[in-house]
Every structure is written in C-alpha cells, then in structure tokens.
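In what follows, a structure is listed as structure tokens, so that the remarks can point back to it.
Residue numbers begin at 1 in each chain, while the letters A, B, ... track the order of the sequences. Values reported hereafter were calculated over all heavy atoms of this structure, with side chains retained and with hydrogens, waters and symmetry mates removed.
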Protein chains: 2
Amino acid sequence: MADTARRPENRYGNRPTMKDVAARAGVGLKTVSRVVNAEPGVTPETERRVQEAIDALGFRRNDSARVLRKGSTASIGLVLEDLADPFYGPLSRAVEEIARAHGALLINGSSAEDPDREQELVLALCARRVDGLVIIPAGNDHRYLEPELKAGVATVFVDRPAGRIDADVVLSDSFGGAHDGVAHLIAHGHRRIGFIGDMPRIHTSAERLRGYRAAMEDAGIPVEDAWMSLGVTDPERVRRAAEDMLTAPSPVTAIFAGNNRVTVTVVRVLNEQRRPVALVGFDDFELADLLRPGVTVVAQDAAQLGRTAAERLFRQLDGTLLTPERIELPTRLITRGSGELPPAD
Amino acid sequence: MADTARRPENRYGNRPTMKDVAARAGVGLKTVSRVVNAEPGVTPETERRVQEAIDALGFRRNDSARVLRKGSTASIGLVLEDLADPFYGPLSRAVEEIARAHGALLINGSSAEDPDREQELVLALCARRVDGLVIIPAGNDHRYLEPELKAGVATVFVDRPAGRIDADVVLSDSFGGAHDGVAHLIAHGHRRIGFIGDMPRIHTSAERLRGYRAAMEDAGIPVEDAWMSLGVTDPERVRRAAEDMLTAPSPVTAIFAGNNRVTVTVVRVLNEQRRPVALVGFDDFELADLLRPGVTVVAQDAAQLGRTAAERLFRQLDGTLLTPERIELPTRLITRGSGELPPAD
DNA sequence: CCTGCATCTGACAACGTTGTCCAGGCTCTA
DNA sequence: TAGAGCCTGGACAACGTTGTCAGATGCAGG
C-alpha cells in the first residue's frame with residue numbers, strides 16, 4: 001500500500017542514466033557513451049552487453065547534458081505570426097524539411113503579431129541555444145538580437161526585413177506584385193480602384209500600398225482617400241471598409257486586397273453585390289480557382305520563401321558566409337476571372 | 001589583420017556565462033543566479049550592478065545547463081502529420097496557446113505520415129526531455145514509448161488512438177459523423193452513394209468507412225464494390241476514382257468524401273459534370289460556403305481537439321490524473337447545398 | 001621472460017546552472 | 001555593549017554527458 005502510493009522522487013521520474021546502464025552491463029561509464037554514439041573501439045561482445053542493458057532499462061540519452069558538453073544543439077528556431085494562417089503552413093513545412101536534411105530539429109512558435117511576444121519567444125529559443133533562427137518579424141526593432149548575432153547565432157528574416165539591425169532577409173516583391181496587380185485592373189479599364197490592407201507599420205503592407213499608389217500614379221489617376229483602408233484585418237472591419245468604398249460618392253469599380261485574409265472577406269462582400277466588382281488579391285489561396293468568378297491573385301511562393309531562408313541559414317552555419325543580404329523573390333499574377341471583369345459604371 | 005581573422009574559438013561563439021557576469025559585477029556566481037531568477041535576498045544596489053553587467057555582456061542564461069540541473073524543460077512536443085495541411089494549423093495553434101498558458105514551449109515536427117519518421121521524431125523529443133507529448137500517430141505500434149510512459153512523460157494521442165499501448169486519446173466521432181453524413185444523403189433520396197477515403201489502416205479512415213457501411217445497411221441498401229475507393233489520397237487518383245464511380249454500370253448519384261483533401265478534389269471533378277451530383281465531405285474547410293453550391297460537410301473542431309488534448313496533457317503533469325481515457329468529440333453536420341441536391345437519375 | 005605495440009577500457013574533469021549551507025555584517029534589544 | 005536574529009553574499013557539489021588521458025590486457029618478437 002505504501003508502495004503503490006510511492007511516486008518516483010527523482011526528476012524525469014527516475015530515468016536511467018549512462019551510469020545505470022554501465023552498472024547493469026558491468027562496464028565503465030565511458031564505454032556506454034561509446035556504444036551510444038557508435039564510436040569505434042568497443043568489442044562486439046561488450047557492445048552487445050551494453051545494448052542489452054540499454055534496452056532492458058529503456059535508456060535514452062539526455063540531450064541537455066550532451067548539448068551542455070558539446071555546445072551545439074542541432075536545432076533551429078522558427079518564429080512566425082500564426083501557425084493557423086494557411087500562408088505559414090507550407091513555409092513552416094519547407095523550413096522543417098531543410099532542417100531535417102541537415103539533421104536539425106525545428107522548434108517553432110507563434111508571435112501572434114505581437115512584438116513583445118516575438119522577443120520573448122526569440123530569447124527563449126536563444127536560451128535553449130538553437131543554432132539558428134528563422135524569424136517572421138512582428139516588431140520593428142531587433143536590436144535585442146545584437147548579442148546573439150555577435151555570439152554567432154545564424155539568423156534569417158523572412159517576409160519582412162529586420163528592424164534596426166543588419167541581417168539576412170528573404171521576402172517577396174510586395175511592391176512589384178501590388179503594382180502589377182493594380183496595373184492589371186487599370187489595363188482592364190478601371191480607374192476607381194480601392195485598396196484594403198493591413199497596418200502600414202508592417203513592411204509588406206506598406207510596400208503593397210506603395211505599389212498601389214505607384215501604379216495609380218503611373219496611369220495618371222489621382223487616388224481618393226475614401227478608396228483606401230489601412231490597418232484593417234478582422235473580417236467585420238474589412239467588410240465595412242469594402243462596403244464603404246462601394247457606396248462612396250465616387251464608388252470603386254475594383255478592389256485590390258492586401259493579403260489573403262482580406263481577400264476572402266472581400267469575396268464574401270462582393271458576392272452580395274448586384275453589380276460585378278473586379279478583385280485582385282495579394283497571396284494565392286486554395287480553391288481560389290473554384291469560386292465564380294475565379295479570383296485573380298498576385299501569388300507568392302511561401303514554400304520557396306521558407307526553403308530559401310532555411311538554406312541560407314545553414315550556409316551561415318557552414319561558415320560559407322556571407323554578408324547580410326536582401327533576397328527578393330518575384331511574385332506571379334494568376335488570372336482567373338475576378339481581375340478581368342470590366343468596370344460596371 | 002590577425003585580429004580580424006580571428007574567430008571565436010569557444011562553443012556558442014564565446015557566449016558569456018554567469019561566471020563572466022559575476023567577475024564583471026564583482027560579485028559571486030550565485031548572486032548572479034539570484035538576480036537572473038528574481039530570487040529574493042539581493043540588495044537593490046547589487047542587483048543594479050549585476051543587471052548592468054548582464055546588459056553589457058549580452059548574457060543569456062543557458063537553458064541546457066538549467067534543465068540538466070532542474071530536471072524539467074518546460075516544453076512539450078507535438079508530432080503531427082503535415083504542418084502544411086490546413087487541418088493541423090488550428091490544432092497546432094490551440095496546443096501552443098495552452099502550452100504557453102502553462103509557461104511551456106512547444107516543439108513540433110511532422111511525421112509525413114511515415115511511422116519510422118514518427119518514432120524518430122518522438123524519440124528525439126524524448127531525448128530533449130520534453131515534459132509531455134501530443135502525438136497524431138502515423139504508425140500502429142507505439143510500444144517503443146513504454147519506457148517513456150514509465151518514466152513519467154505525459155502523453156496524449158490525438159485524432160487516432162495509440163497502437164498496442166494504453167494511453168489517452170482525443171478524437172472526433174468519425175463513425176458517427178460519417179454515419180450522419182451518409183444518412184443525410186439517403187434522406188435526400190440517394191441510394192447509390194460513393195465513398196472515397198484514405199487507407200483503412202488509418203483509424204479515422206476505417207471508422208468513416210464503417211460509418212458509411214452502417215448507414216447504408218440501416219437503410220437496407222446493398223453496397224457495390226465499385227462505389228468504394230480506399231487508400232486514395234493524391235489528387236490524380238482521387239479524380240480517377242470519382243470519375244470511375246460516376247461512370248460505373250450503376251453510377252452513383254452522390255459521393256461521401258472521407259477527408260478535406262479528397263473533398264476538394266471531388267468538388268473539382270463534380271464541377272465538370274453535366275448532371276448535378278450530391279456531395280458531403282468529412283472535415284470543414286475555408287470557403288466551403290462560397291462555392292456554388294456550398295459544400296455540405298461533417299465538421300470536426302480541430303482547435304477543440306488540440307485544446308482538449310493539451311489540457312489533458314497538463315493535467316497529467318499536474319498529477320491530477322487519471323487513468324488513460326478515450327475522449328470522443330462530436331461532429332456537426334453543416335448543410336450548405338451540395339448535400340441536399342436530389343438524385344439525378 | 002621481457003619489451004614494445006596495439007587495442008580496449010575506465011577515471012576524471014569539464015560544460016553552466018541551481019540548491020544547500022555557512023560566514024560575516026548588520027540591526028535590534030536588554 | 002553583548003547576544004540574538006536577520007539579511008546578504010559566496011563556496012561547493014551536483015545534474016548527465018563527452019573529451020582526454022592513462023591504465024590494463026593481449027599478443028608478437030627478441
């Protein structure tokens with residue numbers, strides 16, 4: 001009875017250590033270490049005895065101790081905005097595959113678009129001594145990373161540049177993509193074009209807005225304030241923003257949506273309109289081709305972003321490095337119908 | 001010149017330790033530890049000096065050493081099938097939120113539906129001494145986890161039960177959901193109903209197939225082999241399977257799709273058919289309501305699965321537990337049009 | 001039988017942190 | 001002013017592993 005009530009008192013609930021294995025196999029500690037790490041210089045007979053003890057006890061090497069001794073964790077960290085956002089799934093997966101190919105484990109976390117939380121997460125990863133970091137930044141100031149960079153933690157930013165420090169960054173050509181998308185609408189006869197995007201403090205949003213403005217200016221079309229809605233992300237407010245610009249004194253005949261979440265909401269709103277309104281969205285999304293009309297988008301390749309970033313990270317770690325660089329991947333306009341609707345004046 | 005060429009020779013590229021901080025601040029090692037951990041018993045003046053040294057050197061505590069000493073890593077592992085699958089995004093995110101609320105970090109990896117890779121990943125996580133594991137199993141035999149369970153690693157399986165060991169599992173009612181979905185089609189007049197699903201060795205697939213058969217049997221409808229397609233996941237083969245059952249000697253008038261990836265492909269195929277074919281899919285997906293017709297689905301709440309599993313995990317860790325249990329969450333039929341089409345005979 | 005060499009094995013220190021325990025200095029009271 | 005008690009700070013061991021190095025063993029050759 002006293003026995004059943006007894007709980008393991010050690011940490012890890014009494015996990016066996018190499019010492020235990022050594023005792024059971026009747027060999028020295030270091031010999032166990034040799035077997036576990038497949039180092040040479042162990043008789044087959046000895047190895048067998050050790051292996052037997054390992055299996056019998058269910059021993060697993062404690063990597064914390066190993067890391068402490070060796071100095072490298074063979075793991076990298078990924079900090080992104082929201083794991084639930086479909087844009088980040090393929091990106092994350094691509095980074096994981098590259099990491100795996102290099103024998104590293106991926107640890108990831110979401111910043112929930114909160115700069116403080118991003119910093120907290122990054123520092124937690126650094127405390128665990130990850131070998132490198134892939135960061136989709138939420139904040140604008142990454143000077144807190146200076147000691148880490150100096151200490152040799154490989155770092156690559158993705159999707160948005162680092163703030164106030166000099167570091168690698170891999171991103172899509174937001175300016176060019178937005179410019180192309182808006183120019184596409186203009187080419188189809190639109191002149192009153194709305195823009196709905198996220199906060200301009202986010203680099204990609206600012207760039208896309210800039211692309212919108214540039215395309216309009218190139219065509220000599222003055223932009224009205226009522227056509228632009230910034231800092232809007234939650235569906236309710238996107239909906240209102242879209243409705244507002246559709247009923248403004250000079251209503252828009254087309255909308256450019258700054259990211260996939262905005263696009264989806266705008267599609268819902270346009271579905272309820274009597275007259276057709278053209279739409280081009282930034283970011284592709286699944287099923288965009290199945291909607292009626294299909295949604296024309298400016299697509300960026302999330303997986304490619306992840307792959308490029310991860311590869312660059314490991315090249316930093318190889319020492320094949322490399323002054324910080326900015327790598328911009330092109331976007332691709334995919335026409336599916338919604339962006340080719342003529343203006344319904 | 002010799003100076004610029006010099007690279008840090010220590011591991012971690014010369015990261016400062018508490019000893020360095022202590023030396024710089026002119027205090028003892030343990031005092032630094034106290035400051036870092038906000039332990040009481042340090043004069044404000046001393047604390048200030050220590051803090052200054054920490055900032056100046058860019059010191060970050062080495063968590064490996066801490067873990068080694070303390071025995072708890074404050075981290076949990078999540079092993080899922082594919083991060084890029086939209087079903088797992090919200091699940092993963094939910095687990096992360098709960099972990100965060102408990103002050104734990106989430107480490108996750110994809111098994112790519114490969115049992116060996118699952119085991120490899122799980123053991124890597126165990127070597128890092130995660131406190132607990134949330135596993136979406138790919139394999140059917142988890143006896144390799146016995147030592148871990150014995151050692152007190154909290155473990156919860158999600159979406160599919162563990163194989164050959166006794167462990168907590170949280171899953172959706174696949175049988176009931178499929179039964180409801182198929183019964184719904186029958187209630188709308190269908191008798192020739194097709195089923196396309198994944199390999200029956202996957203528990204959820206087998207259960208959904210069982211639900212389909214049961215619903216048909218309840219209605220007294222004999223099932224023809226040509227109406228069933230199992231072990232089919234990639235789009236190309238799903239497409240062919242769907243086309244085959246639509247052109248069989250006794251062609252189906254409705255299809256039940258076993259998971260969201262299948263559903264999406266089937267939608268594409270049905271879009272190309274001249275006559276309307278009814279469709280109910282297992283798993284909800286974004287934009288299902290925007291398609292024409294909207295896609296009727298049996299929805300499971302991925303986030304809720306994740307939350308439930310994570311909460312249970314931490315209850316195991318609290319010691320508030322708990323013999324292994326099987327928790328089945330109900331599904332919900334969401335009618336949107338595609339499942340209510342009458343048979344076009 | 002001893003020497004030299006190669007092969008296998010184990011003792012020991014170190015990695016950076018935290019828990020334990022004790023020393024020294026201070027304040028307060030009698 | 002002495003003694004008690006409190007507060008602050010530091011010395012030291014321990015966590016589980018790996019690298020270093022030296023000891024033990026076996027064997028061949030003199």
Would you please classify the geometry between the B:H142 ring and the B:F157 ring as parallel, tilted or perpendicular, with 30° and 60° separating the classes?
->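 Correct class here is perpendicular.
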Has the side chain of [X] got a donor or acceptor atom sitting under 3.5 Å from an opposite partner on the base of [N]?
X	N	answer
A:K30	D:dG19	yes
A:R34	C:dG10	yes
A:R69	D:dT17	no

Under 4.0 angstrom, heavy atoms only, what part of the nucleic acid is A:V42 near: base, sugar-phosphate, or nothing?
->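 Touches sugar-phosphate only.
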Contact class for B:D63 (heavy atom, under 4.0 Å): base, sugar-phosphate, or nothing?
->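 No contact at all - B:D63 keeps every heavy atom at 4.0 Å or more from the nucleic acid.
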Figure out the [atom1]/[atom2] separation between [X] and [N], and round it to whole Å.
X	N	atom1	atom2	value
A:E39	C:dG10	CD	C1'	14 Å
B:I54	C:dG16	CD1	C1'	14 Å
B:E45	D:dG9	CD	C1'	14 Å
A:K70	D:dG19	NZ	C1'	9 Å
A:R49	C:dT9	CZ	C1'	11 Å

Is the phosphate of D:dT18, meaning OP1 or OP2, less than 4.0 Å from a side-chain N or O of A:N37?
->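 Yes.
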Going by heavy atoms closer than 4.0 Å, what residues in residues 21-29 of chain A are next to DNA chain D?
->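 Those residues whose heavy atoms fall under 4.0 Å from DNA chain D, taken from residues 21-29 of chain A in numerical order, are A:L29.
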